[in-house]
Amino acid sequence: MTTYHELAAEDFDSLDNILDDLRSRHDETPQWEFCEGFLAALACCRRAIEADEWLPVLLGTDEGGSFADDAQREQFLSLWNRRFAEVRLALDTEIKALDEDKAYAPEIMDVRGAIASLPEEERADVDADEIPSFAQVWALGFMYAVESWSEEWEAPKDKDAAKWHDLSLQAIVAITEDDTDEPTLSALSEDGPPSVSENRLNAYGEALWAVYDLREIWRNIGPRVQQVIKEATPGRNDACSCGSGKKYKKCCGA
């Protein structure tokens, strides 16, 4: 059994620092929250997607990111693989509630809560229209991976599984939208300023259960079976397909 060390706060800081450095050379490099959603989708995907395939899609360059050097790329992938293993283990562990220690907890930020905690004069300088809703960036990252490998996310043929699959994706799509309801709760703490609506928190919980469901669906169904098309074999007295002019039985069929 493969062992790994769970990522600590300083590990996520290292990921943020690498992404910040990449962004200095490629300004469309995403934030970690987007990467976290993308990673969760890869963990649920029907087919295992290797790094050489997903890196260019996520980081937006043909080379799979403008890493400063091989050491930086290796550090990023090492941290990514540890987080990937951590997420898969959480999704494969049976839980009864999302607040259990073993439950999958995305590494996301409550940006609106952080802004609400600022002094009033500093809040006035922030354009509220540019601030994402709670878990919105995570959900966008998840769905970006789904759309990038849409053939792997086609609904199963079984009607019950297909309905389950579609409802699960709809739950995640729901939080790609803005939270337009009045904030009444703190997203990540009990005593923080209101930053999220009750409906949004409920929708976020439904989206997390949906990730569990999607992981289970594809684990039960298994990878796609590639259709093998077998070329017709000539009859024994037919001309051989190799073009020799001989009968098949006297040539390749001998």
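- Lys102 and Glu94 are not joined by a salt bridge, as no carboxylate oxygen comes within less than 4.0 angstrom of a charged side-chain nitrogen.
- Look at Arg47 and Glu53 and you find a salt bridge, because one of the NZ, NE, NH1 or NH2 atoms lies within 4.0 Å of a carboxylate O, short of that distance.
- In this pair, Trp153 and Phe142 present their aromatic rings perpendicular. The plane angle is above 60°, beyond the 30 to 60° band.
- Between the side chains of Glu36 and Trp32, at least one donor-acceptor pair of N or O atoms lies under 3.5 Å.
- With Gln136 contributing its side chain and Thr176 its backbone, the two residues share a donor-acceptor pair below 3.5 Å.
- Between the side chain of Glu107 and the main chain of Glu33, no donor-acceptor pair closer than 3.5 Å is present.
- Ring pair Tyr104/Trp138 is tilted by interplanar angle, where 30° to 60° counts as tilted.
- For the side chain to side chain donor-acceptor pair (under 3.5 Å) test, residues two or more places apart in sequence or in another chain that qualify with Asp181 are Asn199.
- Asp27 places no side-chain N or O within donor-acceptor distance of the main-chain N or O of Arg23, the cut-off being under 3.5 Å.
- Sorted by first and then second residue, the ring pair (Phe, Tyr, Trp, His ring centres under 6.0 Å) pairs involving residues 154-194 (not counting sequence neighbours) are His165-Trp218.
- There is a side-chain donor-acceptor pair under 3.5 Å between Ser133 and Arg112.
- No salt bridge links Arg219 with Asp213; every basic N to acidic carboxylate O contact stays at or beyond 4.0 Å.
- Between the side chain of Ser150 and the main chain of Val146, no donor-acceptor pair closer than 3.5 Å is present.
- Here Tyr212 pairs with nothing under the side chain to side chain donor-acceptor pair (under 3.5 Å) rule; sequence neighbours left out.
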